[in-house]
Structure formats: C-alpha cells, structure tokens
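Since the structure comes first, as structure tokens, the remarks are kept for the end.
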There are 4 protein chains.
Amino acid sequence: MSPRTEQQFEDIRREKVEHIKLCALQLFAENGYDTTPISKIAKVAGISKGLIYNYFSSKEELLKEILISGLKNFISFLKIEEIDRIKREEIIAFVDGNLNLLKQNTDYYKLYFSLVMQPKTVQLLENEMRDVFGQIFEKFIHYFEQQGEDQPYVKARYLLAIFDGIGIHYIIDPERFPLDEIQEILITKI
Amino acid sequence: MSPRTEQQFEDIRREKVEHIKLCALQLFAENGYDTTPISKIAKVAGISKGLIYNYFSSKEELLKEILISGLKNFISFLKIEEIDRIKREEIIAFVDGNLNLLKQNTDYYKLYFSLVMQPKTVQLLENEMRDVFGQIFEKFIHYFEQQGEDQPYVKARYLLAIFDGIGIHYIIDPERFPLDEIQEILITKI
Amino acid sequence: MSPRTEQQFEDIRREKVEHIKLCALQLFAENGYDTTPISKIAKVAGISKGLIYNYFSSKEELLKEILISGLKNFISFLKIEEIDRIKREEIIAFVDGNLNLLKQNTDYYKLYFSLVMQPKTVQLLENEMRDVFGQIFEKFIHYFEQQGEDQPYVKARYLLAIFDGIGIHYIIDPERFPLDEIQEILITKI
Amino acid sequence: MSPRTEQQFEDIRREKVEHIKLCALQLFAENGYDTTPISKIAKVAGISKGLIYNYFSSKEELLKEILISGLKNFISFLKIEEIDRIKREEIIAFVDGNLNLLKQNTDYYKLYFSLVMQPKTVQLLENEMRDVFGQIFEKFIHYFEQQGEDQPYVKARYLLAIFDGIGIHYIIDPERFPLDEIQEILITKI
DNA sequence: CATGAATGAGGTTTCATTCAT
DNA sequence: TATGAATGAAACCTCATTCAT
C-alpha cells in the first residue's frame, strides 16, 4: 500500500468539510445554532466529535464557514458582480433568482434568518455582509434612480425588506405560502 | 405599620414579575435566549437567581411569558378584536399601529424574530400565535375581498410578509432604516 | 429559617476558598498542575466540579491564587517589609525563616519549583514576583555592601540561588536531606 | 544508485531520532511537557505525527529517551567514570564542566528542572538517576573526607544543592545571572 | 420572600494514539 | 517508511435548577 498522495488527502478533506457543513447546516436550521451540540452534528455526519475539530477550529468557525459559503453561493448564483447596466430585465432576473434560491436553499435561509438578529452573527460576518449587501443595495438605488423614482434610497431599502419578509414567511410555512403568486406581484410592481 | 394587605402583596408580586420580564427581554434581545444565563438576568434585575424561580417555574416559562405578554400587548395596542368592519381607515390605523409598536418595542421584536424560526418557539406559542395571526390574517383577507382584489389570500400573505420584512430591517439597523418614509409608501399602496 | 446573613455567606465563601486552595495545592504539588484534573480536586475537596468555578473563574485562576497566597505568606512570615536596617541578625533571621518556611510549606515550595521554570507561570506572577524578590534582592545587596564585599550583586544572586538549591533538594528528599546542618553552615558563612 | 546498506539505514534512523529528540526537547523546555502536543513536535520537526510513533512508542517514551540522553551526555561530558583519584583538580574540573554544560544545554536543564519534582519523572528515571547521582555523590563524599572535613555527607549534599540552585537561577534569567563570577567564587571555596 | 451555595448533566475542545493507504 | 484522517477518552467549563438557611 503506497501512502496517499497529497491530492488524495485534499480530496478527502474537501469532501469531509462539505459533508460536515451540510449536516451542520441542516441541524442548525432545524434546531438552532446554540441548541445543536457538536456531538449531534458528529452523529448525523457519521463521524466522531474530534474529527470536526480537524476541519474547523471551533463550533463558531464552523458556523462562520457555513454562512460565508451561503453568501458566496448567493453571489455566484445571482451573478451580482455582472449586473452592471442595471436594466429592468436584470433586476427581474435578480428577483427571480433570489426567490428560486430561497426554494432551493431553504435550510440556509432558515439559519441565516435565525441568526441575523444576533449581534454575534453580525460581528462574525460584518465585512462579508457589508460587501455583498452593499453591492446589491447600490445597484437597486441606481436602478430606481434610472427609473426616475423620487426616493431611490428608500425604495431600495423597502425592496430589500420585502425580500426578507417573503423569505421569512416562506420558510416558516413553505407548504402554504404562495411564493409563486407573490413573485409575480413583485415583478409586476417593479 | 399595619401588615400589608393581600392586594399590596399582589401588586408587589406583579411589579416584580414585570421587572424580571423586562430585564430578561432586553438581555434576550441583545444576546439571544440560549446565550443569556439566568444568573445574568438576576444580576441585571438586582435580585437573586433563586428568586426568579419563585415567579417562573423555568427559564423556558419565563421566555414563554415574555412572548405571550408581547402578543397580548400587540393585540390590545392594535385593538385587533375591535376591527370588525374592516374599513380602509382601520387597516391604515393597523399599519400605523404596527409600525409604531415596532419603534417602541424594538426589543420584543428582536427577540420575536430571533426565535420565530425555531421549532421550539413555535411549539411554545402554537396556540397563541394561531389565534392572533389567524385573526389578523382573516381580517386582511376580508379587507382585500371587499376591495375587489382578485387574490385576497395572496395579498394578505404578502402584506404580512412585508410587515415582517420591514420589522427585521428596522431592527437590524434602526438608525438608518427609513421607517417613516416606508410607512407612507405602504399606506399609499393600500 | 431566616435567610443567611451576608456575613454567613462570606464565611462560607472564605472557608471554601481556603479549603479548595489547600486541596488543590497538595494535588498540584504531588502530581503537577497540568496532570491534576479539576475533577480530582473536587473529589478530594468533597465537592462538585462546578462549585470550584463558583470560587475561581478557571483552573489557571485557582493556580494563580494559590501562588499569590504563598507569596503573601512568604512576605508576612519573613516580615520582609520590616527588614530595613539590614543587620546581620536580620539576615540570619531571614535565612532561618526561609528554611523554616520550607519545612512547613513543603507543598507550596514543591509547586513553586515545579512551575517556576515555565513561562506561563512567570507571566502569571510577573508583577507579584518582581515585587517580592526585588525587595529581598535589594536588601541582600545592601547587606553585602555594608559588609564590604567586593561583588555585592554577585553575592546576593549567589545566596538566593543557594536558597533555591537547598529548597529543591530538601523537597526531593526531605527525609534524608540534612537541612539543619546545612542551615548552620549557611549561617556560619554569612 | 545501489540500494542503501543496512548501515546507511541505521544512520538515517539515528539521525531522525536525534532530530526529533532535539525538537521535542526545545518545545518541552519552552512550553512544558504536558502542554506540548505531539502534533507540534511533528510540525517543528518537519514530519508527520505518525512517524514519531515509528521511532518512539509513546510521548512518555520520547520524554524518557530525551532525559536519559541528557544524563548520558552529562556522564560522558564530565567523565564521571574516570574521576577516581578525586583530586582537587578533578573536582574543579567537574565544577567547571558542570557549569559549562549548563550554558550549552540550557534547554535540557530547563526540562530537567521542570520535571524533576514530579513523581512520574522520578519513577521514569529512578534507576538511571540513582546511578549517576549516586556516583557523583560518593565521589564528593570521598573528596570531602580526604580534605578532612568533619561532615563530608552534609558538605556533599550542600554542594550538589548549590549546583542546582545555580542551575535554576541561570535558567530563569540567563542574560543577567553572573554565572562566571559565581563559578569563580564556588571554585575558590572548594 | 430571599439568598447564593451547591449540584450534575451536558457542552466544547484537546490530543495521544491508531490505522488505512 | 511516511502520511494525516480518524477515534475516543478525558479535560475544562457552563448553567439551569434545587435547597438549606
């Protein structure tokens, strides 16, 4: 048996990291971060408690990595960087994307919303969140300016608030919340 | 120096209960329920840990009472029971009331939003919440029906979602969130 | 049963603190700081693990308090503050005191010697130790200056080193180490 | 490109063993045995954790080998076996050697002193230490007997204690401790 | 009614050691 | 020979809750 190559080790690491993050995300979303012990994550992931600490220096670090991954996914999925001419179609695509993401990544949003109110989380992600939401926010403002709205700042804030309102309500009651219909209304209004 | 009457005792008791609840609410809102120890509540309230257990059978019970008080306050402040003719003015009054409450009771909303995603909380308040929001929801539906909207259910859902979106964003950044301007927009739309 | 008075609480605290410190000192001295678990201290002290954390914020804090108590005891027993004229009798009294203390407080010295080499300990007690040993050291220098020695600094360093050498050897083998005879030799030389 | 001879393998092995021991010694001396994880030794040595266990059956075994090597070095450097006529020059050479060794092997002494108080260490090295120090001790006694001292046993004990006192103080503060001057004083006294 | 000492279950984290590759 | 993933025991520490006073 020849020793494993560096590549093999890296593969193992990456897979395990993803697996742990996924299990943890589900549990955090379902039961809350503080009320989910590491031991439970380990059990669900089918590994030992100790191994988690091979990959994440602490429970908080694990949380942070999950949240940051979610943000990155958000950015790449919505192609936020690429929206530069801020046309109507792009905004609509963004709205669509946002709500589609909500359907696909319910767990992430659940975690996100349950933590976003706590100062600890905000500190944890301060820079990352400022970056992402700052960008989106500016694009919305520009869009409303272009549209000739009189209070572009207010409108942008309002629209972002509506997104989160929809997000929360969908997450609380995904079965019955009429996401598709509301999506249409929202797009119509824009 | 006559011994206190039963009424006086009752008053003292009620005052103390309210005091504890208020302190606990602030701490829960600021640091989260799970990360706020009873000992800290006791310290802030200026009493001993043990005494809290004279008034509340457990930490969870304390949380529950806080949440229910908040709901009751919500109900009475918005006079939900009395809205029966569901006229436009009443809906507007409701919207105004709701956002005013948000400004006054920021702590409560902070706690509420940080917990509302967790199944434990939902269980805790299942009945109470169904009552309150069920009522509001029905009234909204009726209102939109009256207005001749084609999807009153969807619209009602949407409006409630918007409320919570505004709530969350105001709570996260109360200094800069343009609550008053958005309030106007919202009323205009209705 | 009337509630306990503040005085009673304070008495309990002081007693428990002393009891825990004593038990911990013995165990630390016997088995080393790092290899003595809190659980063992609790067992020996006849209390629960948790209670130790009522009185000491961490294991390291407990260690620190033990070491500082030892230093304070050292200071008061040897009346270091009062030695100001630095006469021969006083130095002799100091030597005697020092070695007597060694006999009585073997555990403390054991702990002290086993930790004094580790940077962590030095950091923990930096200020306290500088104070105490700085004073002693200066008095020794003055004494040797008075005696007309040509290298008072070197002599003072040497004497302190000898103390510690004797200390260590006595501690390692208290049964057979001829402390009394060496004490006499030391005094004769001074 | 001929395959390595057994001798070459042996050399490689010995070199690696020495390398690991050296790294471990430095870390143990700096941070303490118990607070130095194997993983850190591996990292500093530039090898994997697992490989350490190819050369040493356990962490304790590694410690033991380090300590025994130190003792052997001590013996061979001071040529303890060869001191048989116990003349004054030999004792002086021993004193000189001892203090020179201290300057060169500070790390070893640091480790040695930090562990020598703990029963575990004493057990680990019981036989070896008895041999070495027993021999030295006897020679000192003989020397003092030869010199006509009235308490040769006490004097020998005293001298050994002084060595260790000097050692400790030098280790704690190698920059300022006047080792050379004290060396002279010591030799003068003998 | 009021206190805080006391408990004990359970949480996070560390790390010596093993082992598949 | 060499790697580091993986384990599991055991460490430190927290805190809701109880209870004697």
Side-chain angles (χ1 to χ4, degrees), chain A residues 1-6 8-13 15-16 34-42 46-62, chain B residues 4 9 12-13 16 34-43 47-62, chain C residues 1-6 8-13 15-16 34-42 46-60 62, chain D residues 9 12-13 16 34-43 47-62:
Chain A
M1 315 281 184
S2 60
R4 274 183 275 225
T5 64
E6 209 158 304
Q8 282 173 311
F9 278 128
E10 203 178 309
D11 289 347
I12 292 175
R13 275 191 87 79
E15 264 178 48
K16 271 284 147 70
D34 289 303
T35 43
T36 303
I38 287 281
S39 59
K40 194 166 187 181
I41 299 171
I47 59 176
S48 68
K49 267 181 304 177
L51 189 55
I52 293 181
Y53 288 88
N54 255 0
Y55 297 110
F56 304 93
S57 63
S58 67
K59 192 185 175 189
E60 194 169 299
E61 174 74 16
L62 170 57
Chain B
R4 277 182 270 225
F9 274 124
I12 291 173
R13 197 181 163 82
K16 208 135 227 179
D34 288 301
T35 43
T36 301
I38 286 280
S39 60
K40 194 167 186 180
I41 299 170
K43 193 178 285 173
I47 58 174
S48 71
K49 264 182 310 184
L51 192 53
I52 291 182
Y53 286 85
N54 267 356
Y55 297 110
F56 305 93
S57 65
S58 70
K59 190 185 177 189
E60 197 169 292
E61 173 73 17
L62 170 56
Chain C
M1 312 285 184
S2 59
R4 273 184 275 224
T5 64
E6 208 158 302
Q8 280 173 314
F9 278 128
E10 202 178 308
D11 289 347
I12 292 174
R13 275 192 87 80
E15 265 177 46
K16 270 283 148 67
D34 289 303
T35 42
T36 302
I38 287 280
S39 59
K40 194 166 187 182
I41 299 171
I47 58 176
S48 69
K49 264 183 305 178
L51 189 55
I52 292 179
Y53 289 89
N54 255 359
Y55 297 110
F56 305 93
S57 63
S58 67
K59 192 185 175 189
E60 194 169 299
L62 169 57
Chain D
F9 275 123
I12 292 173
R13 197 181 163 81
K16 210 136 228 178
D34 289 301
T35 44
T36 301
I38 287 278
S39 59
K40 193 166 188 182
I41 298 170
K43 191 178 288 172
I47 58 174
S48 71
K49 265 181 311 185
L51 192 52
I52 291 183
Y53 286 86
N54 268 355
Y55 297 109
F56 305 93
S57 64
S58 69
K59 190 184 177 191
E60 196 168 294
E61 174 72 17
L62 170 56

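Lettering of chains follows the sequences in order, A, B, ..., and the numbering in each one begins at 1.
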Phosphate OP1/OP2 of [N] contacted by [X] side-chain N/O (<4.0 Å):
| X | N | value |
| --- | --- | --- |
| Tyr55(C) | dA5(E) | no |
| Tyr53(D) | dA2(F) | no |
| Arg4(A) | dA5(F) | no |

**Prompt:** What dot-bracket string describes DNA chain F from 5' to 3', counting Watson-Crick and G-U wobble pairs whose defining distances are under 3.5 Å, with [ ] for crossing pairs and | for pairs to another strand?
**Reply:** .||||||||||||||||||||
**Request:** Between Thr35(D) and Gln8(A), name the one whose nearest nucleotide on DNA chain E is closer to the 5' end.
**Result:**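 It is Thr35(D) whose nearest nucleotide is closer to the 5' end.
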**Request:** Nearest-nucleotide wise, let me know which of Ser39(D) and Glu10(C) is further upstream toward the 5' end of DNA chain E.
**Result:**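 The residue whose closest nucleotide sits nearer the 5' end is Glu10(C).
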How many Å lie between [atom1] on [X] and [atom2] on [N], as a whole number?
| X | N | atom1 | atom2 | value |
| --- | --- | --- | --- | --- |
| Lys59(C) | dC13(F) | NZ | C1' | 12 Å |
| Asp11(A) | dA20(E) | CG | P | 20 Å |
| Ile52(B) | dT18(F) | CD1 | P | 14 Å |
| Lys40(A) | dA9(E) | NZ | P | 20 Å |
| Leu62(D) | dA16(E) | CG | P | 11 Å |
| Leu51(C) | dA5(E) | CG | P | 8 Å |
| Phe9(C) | dC19(F) | CZ | P | 16 Å |
| Glu61(A) | dT12(E) | CD | P | 15 Å |

Within the 4.0 Å heavy-atom criterion, would you say [X] contacts the bases, only the backbone, or no part of the nucleic acid?
| X | result |
| --- | --- |
| Thr5(C) | nothing |
| Lys16(B) | sugar-phosphate |
| Lys49(A) | base |
| Phe56(C) | nothing |
| Ile38(C) | sugar-phosphate |
| Ile12(C) | sugar-phosphate |
| Ser57(D) | nothing |
| Thr36(D) | sugar-phosphate |

**Item:** Gln8(C) side chain vs Thr5(C) backbone, donor-acceptor pair below 3.5 Å
**Value:**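 Between the backbone of Thr5(C) and the side chain of Gln8(C) there is a qualifying donor-acceptor contact (under 3.5 Å).
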**Prompt:** Just by distance, do the side chain of Lys40(A) and the backbone of Thr35(A) share a donor-acceptor pair under 3.5 Å?
**Reply:**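 Between the backbone of Thr35(A) and the side chain of Lys40(A) there is no qualifying donor-acceptor contact (under 3.5 Å).
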**Request:** Using the closest heavy atom to pick a nucleotide of DNA chain F for each, name whichever of Asp34(C) or Glu60(B) lands nearer the 5' end.
**Result:**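 Per heavy-atom nearest nucleotide, the more 5' residue is Asp34(C).
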**Asked** Between Pro37(C) and Ile47(D), who's closer to the 5' end of DNA chain F by nearest nucleotide?
**Response**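 The residue mapped nearer the 5' terminus is Ile47(D).
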**Request:** List in chain and number order the residues that pass salt bridge (Lys or Arg N to Asp or Glu O under 4.0 Å) with Glu10(A), two or more places apart in sequence or in another chain; answer none if no residue qualifies.
**Result:**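 Applying salt bridge (Lys or Arg N to Asp or Glu O under 4.0 Å) to Glu10(A) gives Arg14(A).
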Give every donor-acceptor pair under 3.5 Å between a side-chain atom in residues 47-56 of chain D and any protein atom, sequence neighbours left out.
{"residue": "Ser48(D)", "atom": "OG", "partner": "Leu51(D)", "partner atom": "N", "Å": "3.3"}

**Asked** If you check every side-chain atom of Asn54(B), which of dC1(E), dT17(F), dA5(F) has the closest atom?
**Response**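 Among the listed nucleotides, the one closest to the side chain of Asn54(B) is dC1(E).
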**Message:** For a quick test of reading the model, state the closest non-hydrogen atom pair linking Asp34(A) to Lys59(A) and the distance between them.
**Reply:**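 What the structure gives for the nearest pair is O-NZ, 3.9 Å.
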**Closest non-hydrogen atom pair between Ser58(B) and Glu61(B), with its separation** =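 So the minimum-distance heavy-atom pair works out to OG-N, 3.0 Å.
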